[in-house]
Amino acid sequence: MKVRVFDTTLRDGEQTPGVSLTPSDKLEIAKALDELGVDVIEAGSAITSKGEREGIKLITRENLNAEICSFVRPLTVDIDAAIECEVDSIHLVVPSSPIHIKYKLKKSEDEVLDLAVNAIEYAKDHGLIVELSAEDATRAELNFLIKLFKAGENLADRVCVCDTVGVLTPQKSEELFKKITSEIKLPVSVHCHNDFGMATANTCSAILGGAVQCHVTVNGIGERAGNAALEEVVTALKFLYNIETNIKLEKLYEVSRLVARLMKLPVPPNKAIVGDNAFAHEAGIHVDGLIKNTKTYEPISPEVVGNKRRIILGKHSGRKALIYKLKLMGIEASEEQINKIYEKIKELGDLGKYVSDADLMAIVKDVLGKD
Ligand code: KIV
Ligand code: ZN
């Protein structure tokens with residue numbers, strides 16, 4: 001069975017400090033996510049603002065393949081705003097840990113249960129699909145978490161366990177999801193944050209424990225250290241666990257760059273899968289290995305995820321890397337010319353400089369022009 005991908009780039013991702021999208025930006029990203037093959041697009045939170053509702057409406061009117069969802073609190077005003085935007089589903093979020101219930105909501109556990117049930121009933125009466133999310137579930141008491149999900153069991157369509165502050169470990173994640181999926185009859189989703197850099201691993205472990213849907217964002221953007229990254233989760237599932245999703249992997253790089261541009265959040269070069277260094281090689285022995293067989297230093301081929309292999313020339317480069325790169329660029333040079341080019345690259349490298357393709361062309365012109 002394929003694991004479903006619930007994309008929250010346009011809701012949790014847009015909550016990245018300093019980020020704000022226009023309605024047309026939202027639509028452009030939603031269309032790209034739909035083409036990428038995500039199963040659910042959390043388009044935003046309809047109650048947030050007039051502009052947010054405008055963006056969600058543009059998306060729902062597009063008749064995309066994906067289910068379009070709005071984030072809501074257990075309040076009729078929030079659900080009404082989602083209904084006004086004609087979404088397919090709501091992501092109903094209810095606090096579940098003592099710290100959230102007591103200090104944030106200032107309510108009792110029973111009041112939280114009532115709020116959840118009333119909100120689900122209201123949404124179902126209006127024909128919405130409901131995903132009931134337990135916020136801060138990984139710091140909740142397990143008994144209460146199960147009680148909350150049981151309260152929604154015969155009403156909601158799915159439940160979701162949120163690791164709101166990223167405190168799970170892969171081992172705890174698998175154990176927790178095994179317990180929850182053995183108690184609850186509904187499909188269970190996982191929503192992980194990356195505060196300790198564990199979001200992808202915790203998401204994969206949750207799936208091993210029985211979760212059937214993962215919440216992710218493109219480039220892992222989101223509150224604080226972000227959410228589980230879509231591109232990491234889907235490729236790890238496929239290549240490390242042999243678990244499929246509906247994502248068209250070859251579109252990952254392109255969608256990553258669209259989100260980076262519209263959100264004004266550049267992708268760090270060393271970002272797994274979609275970073276510009278994810279398939280870049282400089283060290284002499286690495287390039288030598290790659291020339292013989294790309295599998296030596298690449299776990300998967302860059303084209304599989306729409307990225308590309310980059311051979312970087314600098315102080316760690318070997319002569320073979322230079323020869324390989326010149327060949328790729330269609331440049332023919334004699335042994336002596338290659339030696340001169342190589343010396344210049346090392347000189348630049350020692351000055352702390354990286355040799356870009358433009359630098360290399362300038363060096364080549366200089367050396368070849370002189371001979
Ligand atoms: O991380 C979280 O708990 C959330 C919920 C509000 C769904 O994003
Ligand atoms: Zn979140």
Side-chain angles (χ1 to χ4, degrees), residues 4-17 19 38 40-48 52 67-75 78-79 81-82 87 89-101 103-105 107 112 115-116 119-120 123 128-140 144-145 148-149 152 156-168 173 176-177 180 186-200 202-203 206 211 213-230 232-233 259 263 265:
R4 281 164 55 94
V5 174
F6 178 116
D7 182 276
T8 179
T9 305
L10 294 174
R11 198 278 298 170
D12 228 350
E14 203 194 349
Q15 284 174 220
T16 302
V19 169
V38 308
V40 185
I41 297 174
E42 190 174 25
S45 173
I47 194 70
T48 303
E52 182 83 340
E67 172 188 314
I68 309 301
C69 179
S70 171
F71 170 95
V72 300
R73 297 165 296 174
L75 302 173
D78 283 26
I79 302 170
V87 293
S89 61
I90 55 165
H91 178 204
L92 170 67
V93 180
V94 181
S96 63
S97 65
I99 188 149
H100 275 233
I101 293 175
Y103 294 102
K104 194 178 79 169
L105 213 58
K107 294 207 184 288
V112 170
L115 271 176
I120 303 170
L128 292 163
I129 298 169
V130 178
E131 178 157 335
L132 169 63
S133 246
E135 189 181 15
D136 206 18
T138 51
R139 294 190 297 177
F144 179 70
L145 192 56
L148 172 62
F149 288 159
D157 300 275
R158 309 185 287 260
V159 294
C160 177
V161 176
C162 297
D163 186 25
T164 302
V165 291
V167 292
L168 272 182
S173 181
L176 177 64
F177 279 82
I180 291 172
L186 295 174
V188 180
S189 299
V190 56
H191 178 110
C192 289
H193 277 268
N194 206 29
D195 298 68
F196 288 90
M198 307 289 274
T200 297
N202 291 336
T203 301
Q213 178 175 271
C214 53
H215 286 205
V216 288
T217 60
V218 173
N219 299 334
I221 58 172
E223 296 268 6
R224 306 181 312 281
N227 290 55
L230 183 153
E232 293 178 8
V233 170
V259 169
M263 299 258 185
L265 291 171

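All of these numbers come straight from a predicted model, not from anything done at the bench. Along the sequence shown, the residues carry numbers beginning at 1. Indexing begins at 1, ligand by ligand and atom by atom, following the structure's order.
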Inter-residue atom distance Glu67.CD - Ile41.CD1, 0.5 Å rounding
10.0 Å
Mind running side chain to side chain donor-acceptor pair (under 3.5 Å) on Glu131 and Ser189 for me, showing each step along the way?
CA-CA 9 Å; Glu131 178 157 335; Ser189 299; 2.9 Å; yes
Exercise: identify the closest heavy-atom pair between Pro17 and Gly222
CD-O, 4.3 Å
Protein N/O/S atoms under 2.8 Å of the Zn ion (ligand 2)?
Asp12 OD2, His191 NE2, His193 NE2
Just the distances, no angles: every ligand 1 N or O to protein N or O pair closer than 3.5 Å, one line each.
| unit_1 | atom_1 | unit_2 | atom_2 | d |
| --- | --- | --- | --- | --- |
| ligand 1 | 1 (O) | His191 | NE2 | 3.1 |
| ligand 1 | 1 (O) | His193 | NE2 | 2.9 |
| ligand 1 | 3 (O) | Thr164 | OG1 | 2.6 |
| ligand 1 | 8 (O) | Arg11 | NH1 | 3.3 |
| ligand 1 | 8 (O) | Arg11 | NH2 | 3.1 |
| ligand 1 | 8 (O) | Asp12 | OD2 | 3.0 |
| ligand 1 | 8 (O) | His191 | NE2 | 3.1 |

Can you say whether the rings of His191 and His91 are parallel (under 30°), tilted (30 to 60°) or perpendicular (over 60°)?
tilted
Considering residues at least two apart in sequence or located in another chain, which fulfil the ring pair (Phe, Tyr, Trp, His ring centres under 6.0 Å) criterion with Phe149?
none
Indicate the atoms forming the closest heavy-atom contact of Thr9 with Thr217, along with that distance.
OG1-CA, 3.4 Å
Kindly indicate whether the side chain of His215, heavy atoms from C-beta on, has any atom under 4.5 Å from the side chain of Thr203.
no
I'd like to check the side-chain hydrogen bond (donor to acceptor under 3.5 Å, both in side chains) partners of Lys107; sequence neighbours left out, ordered by chain and number.
none
Check each of Val190, Thr138, Val161 against Leu168 using the side chain to side chain contact (heavy atoms under 4.5 Å, CB included) test, and report the only one that passes.
Thr138
